[in-house]
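The structure appears right after this line, and notes come after that.
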2 protein chains.
Amino acid sequence: MTEDDEGLPLADRLARHIRTLLISGELAPGQRLSEAAFSERFDVSRNSLREAFRLLTKDGLLRHEANRGVFVTVPSMASVIDIYRVRRMLECGALRQAWQQHPAIRVMRQAVADGQKKRDAGDWVGVGSANMVFHTAIIDLSDSARLTEFYERISAELRLCFGLLNDPEHLHSPFVDMNDAIVTLVEQGKPAEAATQMETYLNLAERTMLKALERAEQA
Amino acid sequence: MTEDDEGLPLADRLARHIRTLLISGELAPGQRLSEAAFSERFDVSRNSLREAFRLLTKDGLLRHEANRGVFVTVPSMASVIDIYRVRRMLECGALRQAWQQHPAIRVMRQAVADGQKKRDAGDWVGVGSANMVFHTAIIDLSDSARLTEFYERISAELRLCFGLLNDPEHLHSPFVDMNDAIVTLVEQGKPAEAATQMETYLNLAERTMLKALERAEQA
DNA sequence: TATGGAAATATTGTTGAACAATATTGACAT
DNA sequence: ATGTCAATATTGTTCAACAATATTTCCATA
């Protein structure tokens, strides 16, 4: 735990730290997280650790089995389908009612430019990050703190899925140009078309993800 | 804690119990929840209680101030506006893509009938409950476990707002007939119209809520 | 050899006490 | 009445303990 404190309660800091381990894939899906081992590793009490575990369980990143401990969630086809259902609802909805001058649009445009640059440089991790910024900005179009927070949770769960894939970052590249088209439509004041495009995008992404997951499961 | 166990961990049971106290108004907005007092009251350790508090804080029902304790969230105009933004996104979205034969539609229709009966009997609490069932069923149209769970959280927060009002239950009555119109449109295979109606409904409900909250704040 | 089961071990679930750090209260002097 | 400082209470976190439940080990037996 070398990062910034911010004076937050220990359990929250712990949860954040463990979350980064989860989404970076340092903790593998299915892995059991022993209370003793982790409280030693982070040099905190079991009680504090358990609070953090509970928070992450509520976020769907960990799974809790009575008297057996907590495990890293193993993403399933069902969860992928559900997650994309949520994304269609939130992202398409945000686009559909987007106001042409919303500040988040600048962020979207910037993220697209960034993604293109990273792709041309062959920096696939960078492409993934830019893509993430892009979609977060779309949610910001809806100007709702609660939706933004909810999307963060969904987003973290999705990254858990990516952890199962063999060459995950490569997945994002084909979508950079679709992002471009979408933000352009929003800039042109065509929110309905943008939403439709996004639906196509998400359906495609979902299929790709499911196919990749299927391959990964067989292995 | 006289209710059912279900073998869930203590913190979860505690959180559920406290949540019912919150939404039923037995714990007033702004009130401080002393760890000592509540661990005594529920006959649990401070550690377990703190886990429960953290869960409820994540749900937005409690607010945590460092070194000062947890307080029942005081709903603000801003939170009401945000909550209705979420509801428009989720409920209108669910209606727009509703499949005409979805089982949740029966639940909606039943809830409408129930609400009308309760209203005619002057049972305002019953009207409120029926209304809640109706809107939860709308979310179920989207067939997403995550959206359903998220809506529960939003719903609980909204009930916290109702706790601030003087005669809260009375608020629901005018909406029973709008519910009727909406479910009828869905049954007729007109999801877009249903969504539009719902938007009108929610805008009206939001204004009513804000006005009532304004009155309550002055007092 | 394989299998079933019982004892031994490890892990989680929950508690209570302890203590440092911070916030609140109260007494006192001005 | 007001500001200051000590006294008190509360939260933040840890630790040690123990019951309850899982897992493993080991042995007897078919």
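Order of the sequence lines fixes the chain letters, A, B, ..., with proteins taken first and strands second; residue numbering starts at 1 for each chain.
- A ring-centre distance under 6.0 Å is not found for H172(A) and F134(A).
- Contacts of R46(B) classified as side chain to side chain contact (heavy atoms under 4.5 Å, CB included), with partners at least two apart in sequence or in another chain: E35(B), S39(B).
- Residue S48(A) has a polar side-chain atom (N or O) positioned under 4.0 Å from OP1 or OP2 of dT14(D).
- Considering only residues two or more places apart in sequence or on other chains, L164(A) meets the side chain to side chain contact (heavy atoms under 4.5 Å, CB included) condition with P29(A), P75(A), L213(A).
- Under the side chain to side chain donor-acceptor pair (under 3.5 Å) criterion, E152(A) pairs with no residue at all, not counting sequence neighbours.
- Rounded to a whole Å, the CZ atom of F42(A) is 16 Å from the P atom of dT13(D).
- Counting any heavy atom pair closer than 4.0 Å across all strands shown, D43(B) reaches sugar-phosphate atoms only and no base atom.
- Remark: S129(A) engages no residue in a side chain to side chain donor-acceptor pair (under 3.5 Å) (not counting sequence neighbours).
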Distances for protein N or O near nucleotides 20-23 of chain C N or O, under 3.5 Å:
{"from": "dT22(C)", "atom 1": "O3'", "to": "N67(B)", "atom 2": "ND2", "distance (Å)": "3.3"}

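- Rounding to whole angstrom units, NE2 of residue H64(A) and P of dT11(C) are separated by 15 Å.
- The distance from atom CD of E40(A) to atom C1' of dT14(D) is 14 Å, rounded to the nearest whole Å.
- Identified under the salt bridge (Lys or Arg N to Asp or Glu O under 4.0 Å) test for residues 70-86 of chain B, with sequence neighbours left out: R146(A)-D82(B).
- Here E206(B) pairs with R88(B) under the side chain to side chain donor-acceptor pair (under 3.5 Å) rule; sequence neighbours left out.
- Applying a 4.0 Å cut-off to non-hydrogen atoms, the residues of residues 50-59 of chain B that approach DNA chain D are R50(B), listed by residue number.
- Per the geometry, CG belonging to L14(A) stands 9 Å off P belonging to dT13(D), to the nearest Å.
- Under the rule for a side chain to side chain donor-acceptor pair (under 3.5 Å), R159(A) has no partner lying at least two apart in sequence or in another chain.
- Residues passing the side chain to side chain contact (heavy atoms under 4.5 Å, CB included) test with R54(A), sequence neighbours excluded: R50(A), H64(A), P9(B), A11(B), D12(B), E51(B), L55(B).
- The side chain of N47(B) lies closest to dG16(C), out of dT13(D), dG16(C), dT14(C).
- Residues passing the ring-ring contact (aromatic ring centres under 6.0 Å, His included) test with Y201(A), sequence neighbours excluded: H135(A), F175(A).
- Of the residues in residues 28-39 of chain A, not one comes within less than 4.0 Å of DNA chain D through any heavy atom.
- Listed pair R46(A) / dT15(C) fails the phosphate criterion, with no side-chain N or O lying under 4.0 Å from OP1 or OP2.
- A donor-acceptor pair is defined here as one N or O able to donate and one able to accept, closer than 3.5 Å; no such pair exists between the side chain of S48(A) and the backbone of V44(A).
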